[in-house]
Every structure is written in C-alpha cells, then in structure tokens.
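Remember, it's 1-based here, ligands and their atoms both numbered in the order they're listed. Nothing here was measured: the structure is a model prediction, and the numbers come from that model.
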Amino acid sequence: MKIIRYQTKNEPIKNGWLYNDMVGEVEGDVFSEFRRLDAELPLASVRLLAPCKPSKIVCVGRNYLEHARELGNEVPKVPLIFLKPPSSIIGPEDTILLPPQSSQVEHEAELVAVIGKRCKGVAPDKAKKYILGYTVGNDVTARDLQKSDDQWTRAKGFDTFCSFGPWIDTEFDPADALITCKVSGQPRQMGSTRDMAFNVSTLVAYVSSVMTLEPGDLIFTGTPSGVGPLSDGDTVSVTIDGLGTLENKVKAA
Ligand code: MG
C-alpha cells in the first residue's frame with residue numbers, strides 16, 4: 001500500500017492511498033485502525049504533502065564507505081546519528097530554499113524508514129515489525145557550515161532542508177535498491193542500499209536503544225557517494241528503484 005497526505009482546493013488535509021495514479025481517502029489512523037475509501041481522484045488533481053508528520057527525524061551519517069571517503073572520513077564503528085527538526089520538513093511539491101548563511105548547500109539522496117509502532121530497545125531481528133514502510137528522502141545539508149561547526153544542528157536544520165515523499169510504501173524491500181540523484185537532469189549520485197555499513201534493522205535497534213521511537217518518526221539511513229551543490233533554479237530529483245521519485249525545486253531564500 002502506498003500512503004500519502006494530500007490536499008485538494010479549499011479542503012482540509014487528508015490521509016490517502018494510491019492505486020495506480022488514482023487517490024483514495026483513508027479514514028482513521030494509518031498507524032493503527034483505518035479504512036480505505038475508493039480511489040477515484042486523479043493523482044494529478046491533488047497537492048501531495050510530506051506523507052506523515054514525524055515527532056523527530058533521526059539521520060545516520062557516513063553509512064556508505066564511498067561517501068564517507070569522498071568527504072575525507074571513514075565509516076564509524078557504531079552508527080553516527082543526528083537529528084533534523086520537524087520545522088525543516090517539506091513535501092514533494094515544495095521548494096528547497098538556499099539560506100544566505102551558506103554558500104555550499106548540497107543534496108543527500110537517502111532511503112528513509114518510517115516507524116509504525118512506538119518502540120524502545122528493539123532487537124535487530126524484531127526491527128521490521130516496527131517499520132510501517134519506506135519513503136524517499138533528501139537530507140539537504142549546508143556543507144560549509146557542517147565543516148565549520150562541531151555540531152551539525154545548523155548545517156542540517158534550516159527550514160526546507162528535510163524533503164521526503166512522495167509516499168510511504170508499506171511493501172518495499174530495502175535490501176538491495178538502487179538510489180540515484182539528478183540535479184537539473186545531470187546524474188550526481190548512484191548507489192545501492194546493500195552497501196550500507198549498518199542496515200535498516202541494525203539502525204532501528206541502535207536508535208531505539210537511545211530514544212523511544214514514535215509512529216511516524218523517520219530514520220534517514222545515510223547517503224551514497226556523489227553529493228554535490230545545489231544552485232538557485234535547480235531541480236533536484238532523488239529516485240529509489242521500486243519506491244518512487246522525490247523532486248524539489250531549489251531557490252535562493
Ligand atoms: Mg545524510
């Protein structure tokens with residue numbers, strides 16, 4: 001099932017599901033009890049929003065060897081985690097704004113796991129039970145500020161720096177999926193999720209050993225090599241084979 005959040009003109013925001021290119025409303029809570037209504041609205045007639053509202057966004061740094069090396073780092077011995085604030089979230093039809101404080105804003109194409117049930121201290125072999133599904137993410141980063149600051153809160157936390165969507169796919173298999181990123185049509189990143197240093201189950205276990213995860217919380221699982229700059233006027237698109245494409249325009253703030 002593909003889960004979306006959407007809006008049509010003058011209507012409140014709704015949860016929905018996708019059947020081919022048709023949208024149906026979902027009544028109830030997509031994380032527990034819900035009912036799917038008939039899919040009778042064309043996808044092109046709705047505005048897609050970020051597909052859930054996380055209480056927190058946990059990200060993993062340097063989870064692909066080639067990417068760690070391209071920035072002069074090694075893969076850490078245990079997962080390196082940091083947070084992005086919910087205020088940085090944008091959806092698949094929103095624009096990434098380049099803040100004046102940075103002259104080097106970059107894309108990071110990532111597979112994102114969406115937590116389905118509250119959990120703490122999950123064992124790796126039980127982690128799948130707590131994942132609702134997967135979505136496509138862009139962990140937008142002010143690389144110059146990431147290098148100058150010890151903590152990454154500023155570099156990772158600007159408004160519009162957390163794009164994810166266009167839907168949550170509850171049937172996607174994260175074991176070996178191709179992740180690519182293009183900027184204004186030019187290929188930038190290509191990698192497979194099989195090359196993660198720490199796989200999704202290990203990451204859920206590790207993060208949940210630190211903090212309680214809530215339904216809708218996100219785990220950005222790290223980016224493969226090929227990160228690079230975004231400029232005013234660009235369009236950045238992240239594709240994960242079998243999952244979908246997330247595309248955003250880029251503008252100077
Ligand atoms: Mg990242």
Side-chain angles (χ1 to χ4, degrees), residues 50 54 56-76 78-90 92 96 98-99 102 104-115 134-165 174 177-183 188-200 202-204 206-207 210-211 213 217-230 234 236-240 243 245-248 250:
K56 55 190 167 294
I57 301 131
V58 185
C59 304
V60 181
R62 302 173 191 162
N63 198 26
Y64 290 79
L65 178 65
E66 290 298 317
H67 167 65
R69 288 200 174 146
E70 74 180 340
L71 296 179
N73 302 299
E74 289 299 319
V75 166
V78 296
L80 171 63
I81 61 174
F82 61 92
L83 295 167
K84 286 168 97 79
S87 49
S88 64
I89 290 171
I90 58 171
I96 295 166
L98 305 173
S102 172
Q104 191 188 2
V105 173
E106 298 194 343
H107 52 85
E108 292 191 1
E110 308 200 7
L111 174 70
V112 180
V114 181
I115 298 299
Y134 295 87
T135 188
V136 183
N138 191 343
D139 170 21
V140 181
T141 303
R143 193 72 66 203
D144 48 353
L145 305 184
Q146 186 186 28
K147 286 176 184 154
S148 65
D149 293 356
D150 284 340
Q151 302 278 334
W152 299 351
T153 306
R154 187 167 67 131
K156 298 283 192 176
F158 285 98
D159 288 0
T160 76
F161 272 25
C162 179
S163 176
F164 68 98
L178 193 70
I179 303 179
T180 54
C181 177
K182 287 183 179 177
V183 176
R188 289 276 183 87
Q189 294 186 264
M190 183 181 285
S192 168
T193 55
R194 71 165 179 260
D195 293 324
M196 286 183 191
F198 303 101
N199 67 23
V200 173
T202 303
L203 294 175
V204 169
Y206 185 79
V207 174
V210 178
M211 62 189 84
L213 291 169
D217 283 354
L218 304 181
I219 299 182
F220 274 64
T221 59
T223 198
S225 63
V227 297
L230 297 171
D234 277 339
V236 55
S237 70
V238 179
T239 299
I240 299 181
L243 183 49
T245 293
L246 171 70
E247 188 170 285
N248 296 101
V250 180

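With sequence neighbours excluded, no residue satisfies ring pair (Phe, Tyr, Trp, His ring centres under 6.0 Å) with Phe164. For Phe82, the ring pair (Phe, Tyr, Trp, His ring centres under 6.0 Å) partners at least two apart in sequence or on another chain are Trp152. For Phe161, the ring pair (Phe, Tyr, Trp, His ring centres under 6.0 Å) partners two or more places apart in sequence, or in a different chain, are Phe158.
Around the Mg ion (ligand 1), the protein N, O or S atoms found under 2.8 Å comprise Glu108 OE1, Glu110 OE2, Asp139 OD2.
Checked by atom type and distance alone, the side chain of Lys84 pairs as donor or acceptor with a backbone atom of Val140 at under 3.5 Å. Looking only at distances, no side-chain donor or acceptor of Asn138 sits under 3.5 Å from a matching main-chain atom of Ala109. Within the 3.5 Å criterion, the main-chain N or O of Asp159 finds no donor-acceptor partner in the side chain of Ser87.
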